[in-house]
Structures are given as C-alpha cells and as structure tokens.
Amino acid sequence: MKLYSTLSGTKDEFQPQGDVVKMYVCGVTPYSDAHVGHAMSYVVFDVLRRYLEYIGFNVQHVQNVTDVDDKIIQRGKQRGVDPLKLAQEFTDEFLEDMDALNVQRAHQYPRATQEIPDILKIIQALVDKGCAYPIDGDVYFRVTCDEDYGKLGHRTLEGMQAGARIEPDPRKEHPMDFALWKAAKEGEPSWESPWGPGRPGWHIECTAMSLAYLGETLDIHGGGHDLVFPHHENEIAQSEAYTGIKPFARWWVHNGLLQLGETKMSKSIGNLITIRDALATCSADALRLFFLSSHYRGPLAYGEDALAAQERGADRLRRAYHTNDTSNAPSDLDIGAYKTRFSEAMDDDLNTPQAVAVLFDMVRDINRAREDGQTTADARSLLGELGGVLGLSLTNPTHEGATALEPLIDLLLETRTGLREARQFELADRIRQRLTELGIALEDTPRGTEWHFTGAS
RNA sequence: GGCGACGUAGCCAAGAGGUUAAGGCGGGGGUCUGCAAAACCCCUAUUCGGCGGUUCGAAUCCGCCCGUCGCCUCCA
C-alpha cells in the first residue's frame, strides 16, 4: 500500500523493515476525559492497523501514556488528589472509551513514570555526547546538535524563531533548545537524577519507550497533526542524536484535526465534546463512519447533524448485513470486484471515503439481489468482513434490559397481528406508533412483523 | 510576520490532466404495502471559490486574488 509520510511529503510504497510492523502512536496526557478529537485520531490509527493486518502484516502497536506533566500536576492540586492517581483514573477511562469505540487495544501502553531509568540513561548519554546541557537542575537538548532540525515540519530554525510567540528562556543556549528533564518544584512528583530531583520533559519519554519496546527504527510513528511540531520534531532530534541511527521513524503519519465550530477541539481551549458525550447521541459505528467518510489527513468539523446522518447510513449497512434471504438461487454479485475496489481505495494512502463508498455500493447490490430472489450470503459475509477492517461492528443498537423486554414486545406484536387480521388497523397502528416513540421500530414484511431498537446504544 | 492545508450539489465528502464528476444524508416522483417502515427504480452539480495563463483538452498544472483552517515550544 501507499502511505503518506509527513517527512517525505509524498505517498510512498509501505514496506516494513522486518517481519513485524513496528507502529508507535502518541497517546494521551490523562488529566481529563478524552474528547472526540482523540477518538478520531485513534480510530484512524486503528483502521491503519486493522488494514495492515488484513493484508497480512503482523503489527506490533505501542501507545504511550504521558502520566506526569504540568497539566496533571495542576489538576491534581485543584482536586486535592495525588496527580499520579488522577492520571491512573483517566487512563482507565481512556481505555474504556477506546473499547466503546471498538478501537483495538495496543499491545502495550507504557507509562512515562514507569520508564524513568531508561529516560535518565538516555539523557545522560545525550549530555555525554554534548547534545544536552544541565542548567539549575533542568537539562536541555541542544537543537544545533541535529544538523537538519526542522526537517519533519519542513522549516528551518531561523524560520521558526521569526514568528516565536513566547519569550525564550534566557538561560538556554539557543531559543529552540527544549527540556529533557525538569527540576521539581515544591510538592511536585519527582525522581532522583544526576541533576537533582525532577521529572521527564514532554518528548523524551517517547524516545525511551519506542526504543525499549520497538527498537531503534520504527516503521510507523503516528499522532495528530498538532504533534508535528514541536513534539515529533524533538523526538527525531533527540532519538537520532542518541542512537546515531537515521531515520528514527520511516513513516510519519499524522491525522488532520477535528474542529468544533471555528477552531480545532482542544483541551486547553476547552471547546470539546467528550467521547462519552458523543456516544450518548450516536453509535460507535456512526461515529467511526463519520470520521472515515473524510480523508484522515484533512480537517473535519464535528456536528450533531452530520452524526445523525451517519447513523442513518450505519443503519443502512446493518440492515443489508442482517437481513436474510430465503433463496439458494445463485447470485450475480461479484465478490472479488468489491474486494479489489476496497483494497485499491485503502492501498491509496488509506482512502477510507472510497472504501466506505464500496460498502454502500455493496449494500445496494445486495438488496437488489435479494429482491431478485438471489442468495446474498456470500456478499453479506464480505460486507461484514470489509466493515470489520474499518472497525464497524454492524451490530444493531440495543437497550439496557433488552432481554427482559423482548417477550413483552413479542406479546404486543402478537396482539397487533391479531388486530391486523381482524382489520382493526386503527388500534394496530396505534401500537406501532407508540412503540416507535419508545425506540422500537416495526416493519411488516412478507415474513411477518419484524422489529428492532433504534437510536443510540 | 514565517510555513502549510483546504474551498466540489441543500449538507457531508471522494476524484488530481481526456469515457456519464464516487458514496452518504436530505429532497421530489414512482413500485411494493391495509397504511407505514424497509427495500428497489427514476430525478436532484453541463460544472468544481474568483480572475487570468499553460494545453488539442483543466475540477485536476501555473500565477494572482478572495475566503476558511492548522502549526510557529499546552495539544490527538
């Protein structure tokens, strides 16, 4: 498959170095509920992984958790709880959110606080190599150590300083030098180090973790587009300086950002919809369909109307998938052609909008074949398979306590069928109307009356 | 100010030099149905932000302009 890399700026034929695809995706800083912007990013990388696995690759997926930083400490203080405990709670919630979104779990979720010895080892080595220097208990990386610093974001040190928004710390040798280690202030969580008690800077953990869990050269390093600079740029600089091996990552994959109204959704701006909020209004399939209906590198604006539209689309997929045919007449559905079209779309830098279009084309063809009295079993099975590559479950929404409800619904339907046979349509329609209002949709088909729950699960 | 992305139907969104400009949602008409729902069929962009240019040919390439967004040490 062709996969775009931010570093090369082009779509390049993807090929891992070895038998296993080493994929590292930047994770969250857990100090609040994860929002739908996070959901989008992790759905994108989930689909990338699922597709790589679908075409036969063995993927090793590692995602970090930055469980110590300024925001976590600040939030912990506000709430009067231990910041590390706070981080743990939000990490647990984050994983629950990912499960709810049908995002496959990474093979490992290393945490910054568990990697301190490795981090210190790397910082010490960078100091020894002359690529880092301590000041007052902080340790900074010397950006001039990387002769092509800025290559990921395609800019130069000079260009970056021209528009600097923030007053540089006068103690630093170069305004762009960044912290590898931060000296602890009073009451902050800290670890002993050769430069005094402190904690890791934002970028160094990713270097330590990717080296420890995946090795010196990653095949894919992913994250949101807002991480290109400074986070990923700095990761490259410090990692390559440390190992002396280039490239640190062979493919840099960045997803476009989710917008809410005029600007991107951001924890610091506070304009966010949490994943829980979103999943209260629509199914995971609808949310995934919403993300995957536009290309992953472009921006996307969140909207409830758009989500509602995707829910109807998801319903269309589910119906086609679940509706049985009673025929064993052969069908003229070309299974191979759908697979080919789907793969061609996905092979082209994960063109999920086109892949989704293939699914909907299949739906129409399946429904048509069924009406023509042909068997649709193989095509429906393929629809489930390809939907699964996109992480769509195609399961019908259900309700709390559905199992207990079912006999009662069946009883009502039985009664209604009797009324219809007696041509008492007014009463029969009232039952249907009231059930619809309660989120239970009825359909009178030649096979009898069928029903399903509607709305969010 | 620097760097970059984007502008395609009522809405969302693919397509990136040449057959009828995907797909979804919405809307209109029809078939089926006791009526609905679902499903199916037909219709819903002669045109791709604007103006120039290159080309036999441009939504696709180039230039300028307008608009929107992102990054320029909090960020998925």
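Labels below follow one simple rule: chain letters A, B, ... track the order of the sequence lines, proteins then strands, and each chain is numbered from 1.
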Between A/N367 and A/R370, does any side-chain donor sit less than 3.5 Å from a side-chain acceptor?
yes
Closest-nucleotide 5' rank along RNA chain B - winner of A/G222 and A/A179:
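Its nucleotide being nearer the 5' end, the pick is A/A179.
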B/rU55 and B/rG1, which share atom name C1', separated by this distance in whole Å
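Pairwise C1' distance, B/rG1 against B/rU55, rounds to 37 Å.
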Is any side-chain N or O of A/D444 under 3.5 Å from a base N or O of B/rC35, one able to act as donor and the other as acceptor?
yes
Regarding A/R155, tell me which of base, sugar-phosphate or nothing describes its non-hydrogen contacts under 4.0 Å with the strands shown.
base
Select base, sugar-phosphate, or nothing to describe what A/N351 touches, counting heavy atoms under 4.0 Å on all strands.
sugar-phosphate
Atom-to-atom span, CG of A/L157 to P of B/rC3 - whole angstrom
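After rounding, the reported distance stands at 16 Å.
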Test salt bridge (charged side-chain N to carboxylate O under 4.0 Å, His left out) on A/R312 and A/D315; report intermediate values, then the result.
CA-CA 5 Å; A/R312 283 179 221 114; A/D315 244 336; over 6 Å; no
Quick one: label A/G27 by what it contacts on the DNA or RNA (base, sugar-phosphate, nothing), any heavy atom closer than 4.0 Å.
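It contacts sugar-phosphate atoms only.
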Please give the distance between the P atoms of B/rA22 and B/rG15 as a whole number of Å.
14 Å
What's A/H254 touching, base or sugar-phosphate or nothing? Going by heavy atoms closer than 4.0 Å.
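Nothing, no nucleic acid heavy atom in range.
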May I ask you to verify whether the side chain of A/K264 and the base of B/rC69 hold a donor-acceptor pair under 3.5 Å?
no
Considering every strand and a 4.0 Å limit on heavy-atom distances, what is the contact class for A/R75: base, sugar-phosphate, or nothing?
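Since no nucleic acid heavy atom lies under 4.0 Å of A/R75, the category is nothing.
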Along RNA chain B (nearest heavy atom to each residue), the more 5'-positioned of A/D305 and A/G153:
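Whichever sits nearer the 5' end wins; that is A/G153.
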Donor-acceptor pair between A/D97 and A/Y42 side chains, under 3.5 angstrom
no
Residues that A/A369 engages under side chain to side chain contact (heavy atoms under 4.5 Å, CB included), provided they are two or more places apart
A/L333, A/Q374, A/T376
Write down the distance separating the P atoms in B/rG2 and B/rC64, rounded off to the nearest Å.
13 Å
Atom CH2 of A/W252 and atom C1' of B/rC71: how far apart are they, to the nearest Å?
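Distance, rounded to whole Å: 16 Å.
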Residues of residues 38-51 of chain A with a heavy atom under 4.0 Å from any atom of RNA chain B, listed by number, are A/H38, A/S41, A/Y42
Contact list for residues 63-74 of chain A, test salt bridge (Lys or Arg N to Asp or Glu O under 4.0 Å), sequence neighbours left out
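Matches after skipping sequence neighbours: A/D70-A/K182, A/D70-A/R199.
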How close or far is atom C1' of B/rA76 from atom CD1 of A/I220, stated in whole angstroms?
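The distance from CD1 of A/I220 to C1' of B/rA76 comes to 17 Å, rounded to the nearest Å.
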Mind telling me whether A/F290 and A/Y302 have parallel, tilted or perpendicular rings, with 30° and 60° as the class edges?
perpendicular
Near RNA chain B, which residues from residues 355-381 of chain A have a heavy atom under 4.0 Å away?
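Result for residues 355-381 of chain A: A/A357, A/F360, A/D361, A/R364, A/N367, A/R368, A/E371, sorted by number.
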So which of A/H61, A/H254, A/H231, A/H232 actually passes ring pair (Phe, Tyr, Trp, His ring centres under 6.0 Å) with A/H221?
A/H232
Applying side chain to side chain donor-acceptor pair (under 3.5 Å), can you list everything that pairs with A/T10, at least two apart in sequence or on another chain?
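Applying side chain to side chain donor-acceptor pair (under 3.5 Å) to A/T10 gives A/S8, A/D12.
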For A/E426, look at atom CD and say whether over 12 heavy atoms of other residues, nucleotides or ligands are found less than 6.0 Å away.
no
Which of the following nucleotides, B/rC35, B/rC25, B/rG24, is nearest to the side chain of A/Q310?
B/rG24
Rounded to whole Å, how long is the line connecting atom CZ of A/F229 with atom P of B/rG4?
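That distance rounds to 15 Å.
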Between B/rA38 and B/rU68, how far apart are the C1' atoms? Round to whole Å, please.
40 Å
Reckon A/L289 touches a base, only the sugar-phosphate, or nothing at all at heavy-atom distances under 4.0 Å?
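Nothing, no nucleic acid heavy atom in range.
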Can you list everything that forms a side chain to side chain contact (heavy atoms under 4.5 Å, CB included) with A/H174? Sequence neighbours excluded, please.
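With sequence neighbours excluded, A/H174 shows a side chain to side chain contact (heavy atoms under 4.5 Å, CB included) to A/V143, A/T144, A/L157, A/Q161, A/M176, A/D177, given in chain and number order.
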Distance test, side-chain N/O of A/K172 to OP1/OP2 of B/rU73, below 4.0 Å:
no
Could you please name the option among B/rG34, B/rA22, B/rA39 that lies closest to any side-chain atom of A/R319?
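For A/R319, the side-chain atoms sit closest to B/rA39.
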Under 3.5 Å, is there a donor-acceptor pair between the A/E205 and A/T66 side chains?
yes
Does B/rU73 have OP1 or OP2 sitting under 4.0 Å from an N or O in the side chain of A/N234?
no
B/rG10 and B/rC3: how far apart are their C1' atoms, nearest whole angstrom?
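Looking at atom C1' only, B/rG10 and B/rC3 are 36 Å apart.
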Below 4.0 angstrom from OP1 or OP2 of B/rC75, is there any side-chain N or O of A/W202?
yes
Any idea which of B/rA76, B/rG34, B/rG24 is nearest the A/R316 side chain?
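The answer is B/rG24.
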In which ranges does RNA chain B form stems of 3 or more consecutive Watson-Crick or G-U pairs, distances under 3.5 Å?
B:1-7 with B:66-72, B:10-12 with B:23-25, B:26-31 with B:39-44, B:49-53 with B:61-65
Which value, in whole Å, describes the distance between the P atoms of nucleotides B/rC40 and B/rA13?
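Straight-line distance between the two P atoms is 25 Å.
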Residues 24-32 of chain A, side-chain donor-acceptor partners within the protein, below 3.5 Å, at least two apart:
residue, atom, partner, partner atom, Å
A/Y24, OH, A/N64, OD1, 3.4

A/P230 side-chain proximity, nearest of B/rG24, B/rU73, B/rG15:
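Nearest listed nucleotide: B/rU73.
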Integer angstrom distance from the C1' of B/rU8 to that of B/rU46:
14 Å
So what does A/G223 hit on the nucleic acid, given a heavy-atom distance under 4.0 Å: a base, only sugar-phosphate, or nothing?
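Since only primed, P, OP1 and OP2 atoms lie under 4.0 Å of A/G223, the category is sugar-phosphate.
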Measure the distance from OH on A/Y296 to P on B/rC6 and round it to the nearest whole Å.
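Checked: the OH to P distance equals 13 Å.
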Rounded to whole Å, the CG-C1' distance (A/L413 to B/rA36) equals 15 Å
Could you state the atom-to-atom distance from CZ of A/R288 to P of B/rG24 in whole Å?
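Computing the A/R288:CZ to B/rG24:P distance gives 21 Å.
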Same-atom distance (P) from B/rC65 to B/rA9, integer angstrom:
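To the nearest whole Å, 24 Å.
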Salt bridge present between A/D169 and A/K172 (N-O < 4.0 angstrom):
no
Residues in side chain to side chain donor-acceptor pair (under 3.5 Å) contact with A/T417, at least two apart in sequence or another chain
none
Write down the distance between CG (A/L258) and P (B/rA5), rounded to a whole number of angstrom.
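Roughly 21 Å, once rounded to whole Å.
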Among all residues two or more places apart in sequence or in another chain, which pass the side chain to side chain contact (heavy atoms under 4.5 Å, CB included) test with A/E385?
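So A/E385 forms a side chain to side chain contact (heavy atoms under 4.5 Å, CB included) with A/Y54, A/K339, A/L382.
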A/Q74: what forms a side chain to side chain donor-acceptor pair (under 3.5 Å) with it, not counting sequence neighbours?
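For A/Q74, no residue satisfies side chain to side chain donor-acceptor pair (under 3.5 Å) once neighbours in sequence are set aside.
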For RNA chain B, which residues in residues 426-436 of chain A have a heavy atom at a distance below 4.0 Å?
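Hits under 4.0 Å, by residue number: A/D429, A/R432.
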Should the ring pair A/Y133 and A/Y140 be called parallel, tilted or perpendicular, given that the plane angle runs from 0 to 90° and is split at 30 and 60?
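Ring orientation, 0 to 90° scale: tilted.
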